[in-house]
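Take a look at the following structure, please.
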Amino acid sequence: MKPSIPKGTRDFSPAEMLKRNFIFDTIRAVYQRYGYEQIETPAMENLSTLEGKYGEEGDKLLFRILNSGDPFEKYRQAHLEIKNSDVTEKGLRYDLTVPFARYVVMHQNEISFPFKRYQIQPVWRADRPQKGRYREFYQCDADVIGSTSLLNELELIRIIEDVFDTLKIDVLIKLNNRKILSGIAEVIGEADKIIDITVAIDKLDKIGLEKVNKELKSKGLSETAVQKLQPIILLKGSNENKLESLKNVLKDSAIGKKGIEEIETIFNLLQSLKRTARNLELDITLARGLNYYTGAIIEVKPNDERSSFTSSICGGGRYDDLTGIFGLPNVSGVGISFGADRIYDVLEEVQGFPDFSGVSTKILFVNFGEEEAKYCLQLVERIREDGINAELFPDAAKMKKQMGYADAKKIPFVALIGTEEMKNGEITVKNMSTGEQSKVTMEILLHMIK
RNA sequence: GUGAUUGUAGCUCAGCCGGUUAGAGCGCUAGAUUGUGGAUCUAGAGGUCGUGGGUUCGAGCCCCAUCUUUCACCCCA
């Protein structure tokens, strides 16, 4: 049979794993520097945990796992109609936030709040694959749960800056607040249509004002409401200018004013760190994940001409009551998630990966035969004791084969030890990039390849 | 879920109007070179033309279905 893998999934070869680990290691190091602790949760969750948390669309994109055995058998025999819930009760996780909420509720007695956790694991969505969209991809989440302080929002923004600074990706961080969106819906007299409004204006960049207005009307917004909305969604200028305008627009909305206050607090905190925040933009058309965000909404996009990515590579926000549905009310959380696979694609486009040659094996010992190999084994052990990656070729293959192996694997040094070297206690070492070759002692060799 | 698009050697791709035994470059293996990789030369291996049907005297090429690739919509990391 011809081997294949499921649609939207990928294999990762050694060269790709070096790059992927560069991303994971960077994010992990930053998370740890800010005091976040790692957890993992199972690949599969009970469907009761997942269903209804991601909206109608999300439910369709859940991978459901068929119960083991032949779950259809008894229904078939009795000629009964079969419902999904009869044959599947588990599903692959769709994101890391909902499983985390479940984790917090189940482990609430072991956790001392506020709990700062990070989690780097794959998630699965039965989406049609396309640019930057896979059916299996890694999310790198950090959340703070059990604290309403806006210092957490500030910290997450600083984490985003640190990660992309380290990865050397220019980004634009967009910030909004769900309370501002609620305020806007309120002042235009369409408070109950907030989801329709936010979904529509979120597309402003993409489809333009005209189509946004058309969508708004098709969702049942009145002409006057749409007209009232125009100056608000077209707000331009600096963050300060936008905030001043919004204060005026939302002066009669308590919730709207609260949202403005939160945004201002975050900006002020950033300024107190003497950060210019030039890559931080207040964007009131930013809606995202409306299903559980209640306060801050964060989205990060690449800001580099060489990248064709217009979709987000990191997103997040505050959700006031995510654990409520699992029976633990009044616990607020705020978090972000880096999309590792999209960051990978961006780094490829901007050629931002460092050179990984020589990060693996530093020296290969050529195998000339049983006796020589046995002798080399001790030397390889000695080199590894110093923490240097070294290997002995397992077969007494032809020199051409062994040298070719070193070449293909970009191993910078090759040691050749035959009967002559064994007798004299020497090591013939060849520098594979210059072609130079010399006879040295172990001490000198260690110095050379360190 | 909707609309396009792709599939020929390990990889990148040719393949004429439907016509005999499907080609190239790179890679791979072996040799030139029995203790020396990359460069060169020589030889060799490697194909169910994604899969299953159909049309035809004849299909890599046309038709249908299906899987897959890529892209857009919806939605999203």
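Just so it is clear, the values below take in all heavy atoms, side chains as well, and ignore hydrogens, waters and symmetry mates. We name chains A, B, ... by the order of the sequence lines, and we start the count at 1 in each one. The structure displayed is predicted, hence computed values, not measured ones.
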Side chain A/Asn367, main chain A/Ala373, donor-acceptor under 3.5 Å: no
Rounded P spacing from B/C13 to B/U66 in Å: 27 Å
Sugar-phosphate only, base, or nothing, as touched by A/Thr434 at under 4.0 Å among non-hydrogen atoms: nothing
Sugar-phosphate, base or nothing in reach of A/Ile313, heavy atoms under 4.0 Å: sugar-phosphate
Proximal nucleotide (of B/G37, B/G35, B/U36) relative to the A/Glu420 side chain: B/G35
Any A/Gln130 side-chain nitrogen or oxygen under 4.0 Å from OP1 or OP2 of B/A72: yes
Spacing between A/Tyr134 atom OH and B/C76 atom C1', to the nearest angstrom: 14 Å
A/Lys430 (side chain) and B/U36 (base): donor-acceptor pair under 3.5 Å: yes
Sugar-phosphate only, base, or nothing, as touched by A/Gly8 at under 4.0 Å among non-hydrogen atoms: sugar-phosphate
Whole-angstrom distance between B/C73 and B/U5, as gauged at atom C1': 15 Å
Donor-acceptor pair (no angle test) under 3.5 Å: A/Glu421 side chain, B/G35 base: yes
Nearest-Å distance once atom P is located in both B/C67 and B/G27: 38 Å
C1' spacing across the pair B/C28 / B/A45, given as an integer number of angstrom: 9 Å
Output field: ring centroids A/Phe368/A/Phe393 closer than 6.0 Å: no
Test of ring centre spacing under 6.0 Å for A/Tyr118 and A/Tyr31: yes
Greater than 12 external heavy atoms within 6.0 Å of A/Lys401's NZ: no
Any strand: nucleotide that pairs with B/A32 via Watson-Crick or wobble, under 3.5 Å: B/U40
Nearest-Å distance once atom P is located in both B/C75 and B/U68: 24 Å
Other residues, nucleotides, ligands: >12 heavy atoms within 6.0 Å of A/Met17 CE: yes
Nearest-Å distance once atom P is located in both B/G10 and B/G19: 26 Å
Residue mapping more 5' on RNA chain B - nearest nucleotide basis, A/Ser311 or A/Thr428: A/Thr428
Integer-rounded Å distance: B/A4 P and A/Arg128 CZ: 11 Å
Paired nucleotide for B/U56 [Watson-Crick or G-U wobble; both distances under 3.5 Å]: none
Side-chain donor/acceptor contact of A/Gln402 with base of B/U36 under 3.5 Å: no
Centroid-centroid distance, A/Tyr344 to A/Phe353, less than 6.0 Å: yes
is_close_aromatic(A/Phe338, A/Tyr138), centroid dist under 6.0 Å: no
Rounded interatomic separation in angstrom, taking CG from A/Asp407 and P from B/G27: 12 Å
Under 3.5 Å on both distances, the Watson-Crick or G-U partner of B/C26: B/G10
Nearest-angstrom distance from the residue atom CD of A/Glu16 to P of B/C11: 14 Å
Atom-pair distance (CG on A/Asp202; P on B/C74), nearest Å: 11 Å
Upstream residue (5' side of RNA chain B) when A/Lys206 and A/Lys7 are each assigned their closest nucleotide: A/Lys7
Watson-Crick or G-U wobble mate for B/C17, both contacts under 3.5 Å: none
Presence of A/Lys400 side-chain N/O under 4.0 Å of B/A30 phosphate oxygens OP1/OP2: no
Interatomic distance, A/Ile343 CD1 vs B/C76 P [rounded to whole Å]: 19 Å
A/Asp127 CG to B/C71 P, straight-line distance once rounded to whole Å: 13 Å
P spacing across the pair B/A9 / B/G60, given as an integer number of angstrom: 14 Å
Identity of whatever pairs with B/U70 - Watson-Crick or G-U, under 3.5 angstrom: B/A4
N/O donor-acceptor pair, side chain A/Arg133 with base B/C75, under 3.5 angstrom: yes
Minimum-distance nucleotide (side-chain atoms of A/Lys398 versus B/G31, B/U36, B/C75): B/G31
Sugar-phosphate, base or nothing in reach of A/Gly58, heavy atoms under 4.0 Å: nothing
Whether over 12 other heavy atoms sit under 6.0 Å from A/Ile388 CD1: yes
Presence of A/Lys60 side-chain N/O under 4.0 Å of B/C74 phosphate oxygens OP1/OP2: no
Sugar-phosphate, base or nothing in reach of A/Ser337, heavy atoms under 4.0 Å: nothing
Protein-nucleotide distance (A/Arg93, atom CZ; B/C76, atom P), rounded to Å: 20 Å
Separation of the C1' atoms in B/C16 and B/U29, to the nearest angstrom: 35 Å
